[in-house]
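What follows is one structure encoded as structure tokens, with my remarks underneath.
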Amino acid sequence: MGLELYLDLLSQPCRAVYIFAKKNRIPFELRILELLKGQHISKEFSQINSLQKLPTLKDGDFILTESVAILIYLSSKYQTEAHWYPSELHVRSRIHEYLGWHADCIRSIFGAPLWIRVLVPLIGAQVPEEKVERNKAAINGALQKLEDKFLGCRAFLASQEVTLADLMALEELIQLFAVGYDLFEGRPRLAAWRKRVETFLGAELCQEAHGPILNILEQAANKTLPVPPPEVHPTMLNRISRIP
Amino acid sequence: MGLELYLDLLSQPCRAVYIFAKKNRIPFELRTVELLNAQHLSDAFAQVNPLKKLPALKDEDFILTESVAILLYLTHKYKVPDHWYPQELQARARVDEYLAWQHMTLRRNCLRILWHKVMFPVFLGESVSPEMLAATMAELDQSLQLFEDKFLQNKAFIAGAHISLADLVAITELMHPVGAGCQIFEGRPALAAWRQRVEAAVGEALFWEAHEVIMKAKDCPPIDPTIKQKLLCRVLAMIQ
Ligand SMILES: N[C@@H](CCC(=O)N[C@@H](CS)C(=O)NCC(=O)O)C(=O)O
Ligand SMILES: N[C@@H](CCC(=O)N[C@@H](CS)C(=O)NCC(=O)O)C(=O)O
């Protein structure tokens, strides 16, 4: 068995891995696990990844979790084009600087609106209004830093070409956009950056990878999303309680 | 001016950078920025890092923040022994995997423990509810279990037979709850044995030199009220 990727395109790190593999024509078997159906907490998958998280890579006997580790592994194993993860010290450092900040300051904040708007109601839970407001303020603050410090006057976040950093960032921003956040409004530099990244990736691939998440509000309104089974409620409630 | 490192050894990522640079005999100027005195919020430091966080590196004109980025920069620039960040694909992936995983788990838990258990009550004079503290402890327990089962397994170190950046980042986190008075290694023999190995690999003297400040954190005097005003909202944002 060759390379297998366990993904759910509703998840931002999964989309980053998917787009990277597709864009670089890395051959892989797609193993879709639907988080909303709790497919990631099955016995079968727990044997592959005891953390029960997506994305997960399986390459023969070698199993790897964490999107950033997976992206670096793929770029090195498949010798993808240098611009993604250049060996030049300063650009590579900028990529890691962004990814460190992203893990601390983007990931936990930008994920929240999807929970608040779609996932929390799906299981009949609630998030205090105070947290919702705090989240909005935190998002605005983080977007400002993203634009001023990380993008600055460059074409892309870490260099003049697309890198892993742009891919990770784009997928978090797309998710916000999908749940109705007008984040590109009034932020022309960020909007232009998004356009550049998407143009590079190609409309077809973006459509394919972003389709499910861009439809999520419509699906929620039409009640066509899977209703999470009781077994996943504990991890979902735990995630909800951790919204800062 | 050569390499400058802006650090406060109270901070766990700063300790990782400090130990790494010292252990590998990388020459640097230590620029201590005292977090508890709000020196990181000064105009002077904002010139170095507008995000006002430690650690930060300055190498001539090149300024870099984020501990993982700094550790990798030093690794590549100074050609340190391979085991810190192995060339071999799978071993390297194990290091990257841990470095990505820790952000929302051990890093988050260990930071919260120190603040909930020591810094809030002793330093800031703010109480923390017993439920909050219990929840923080429970989360740490869970992360420690995952760390043992998934990352350490029955290996000597996270990436295999030798110490890597991942072990260094992990140990400097885990010494945070120890500084807060939690006996996290008790009843966890595998974790305790790993800690011993890391200490031996780094060298006992350097290990404890780097951890002197955190081991005394419980004794820090109450904060000056004007500084408290400056720090409080940032602290809340960090641990909410
Ligand atoms: N830091 C990880 C995040 C992994 C993660 O949290 N994945 C989510 C989906 S975005 C997941 O699998 N959640 C399921 C659960 O926690 O039960 C990465 O970047 O890969
Ligand atoms: N992800 C960053 C974390 C940086 C960070 O949060 N540093 C803390 C000290 S451990 C800090 O400077 N806090 C001061 C503040 O935010 O006011 C890293 O690994 O370097």
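Below, chain A is the first sequence line, B the second, and so on; all start at residue 1.
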Which answer fits [X], side chain, backbone, both or neither, if we ask what part of it has an atom under 4.5 Å from a heavy atom of chain A?
X: B:Ile70; answer: neither
X: B:Leu64; answer: both
X: B:Ile63; answer: backbone

(message) Testing the basics here: between A:Ala69 and B:Ala93, what is the closest heavy-atom pair and its distance to 0.1 Å?
(response) CB-O, 4.0 Å

Which of the residues [options] is involved in the greatest number of heavy-atom pairs with chain B at under 4.5 angstrom?
options: A:His90, A:Lys53, A:Lys131; result: A:His90
options: A:Ser241, A:Ser108, A:Ala103; result: A:Ala103
options: A:Lys149, A:Arg92, A:Arg94; result: A:Arg94
options: A:Val68, A:Leu89, A:Leu99; result: A:Leu89

(request) First locate atom CG of B:Asn49, then atom CD of A:Glu97, and finally report the distance between them rounded to the nearest 0.5 Å. (result) 7.5 Å

(message) Just verifying a value: how many Å separate B:Leu57 CG and A:Ser93 OG, rounded to the nearest 0.5 Å?
(response) 8.5 Å

Minimum side-chain heavy-atom gap [X]-[Y] below 4.5 Å:
X: B:Arg108; Y: A:Arg242; value: yes
X: A:Leu51; Y: B:Trp101; value: yes
X: B:Lys150; Y: A:Thr65; value: yes

Can you confirm whether more than 12 heavy atoms, excluding those of [X], are under 6.0 Å from its [atom1] atom?
X: A:Glu81; atom1: CD; answer: no
X: A:Gln126; atom1: CD; answer: no
X: B:His76; atom1: NE2; answer: yes
X: B:Lys228; atom1: NZ; answer: yes
X: A:Glu231; atom1: CD; answer: yes

Of the listed residues ([options]), which shares the most heavy-atom pairs with chain A below a 4.5 Å separation?
options: B:Arg92, B:Lys77, B:Arg107; value: B:Lys77
options: B:Leu146, B:Leu99, B:Asp59, B:Leu89; value: B:Leu89
options: B:Gln90, B:Arg94, B:Met104; value: B:Gln90

(request) Start with the C-alpha distance between B:Asp96 and A:Glu66, add both sets of side-chain angles, then the distance that settles side-chain contact (heavy atoms from CB on, under 4.5 Å), and finish with yes or no. (result) CA-CA 8 Å; B:Asp96 288 329; A:Glu66 289 296 332; over 6 Å; no

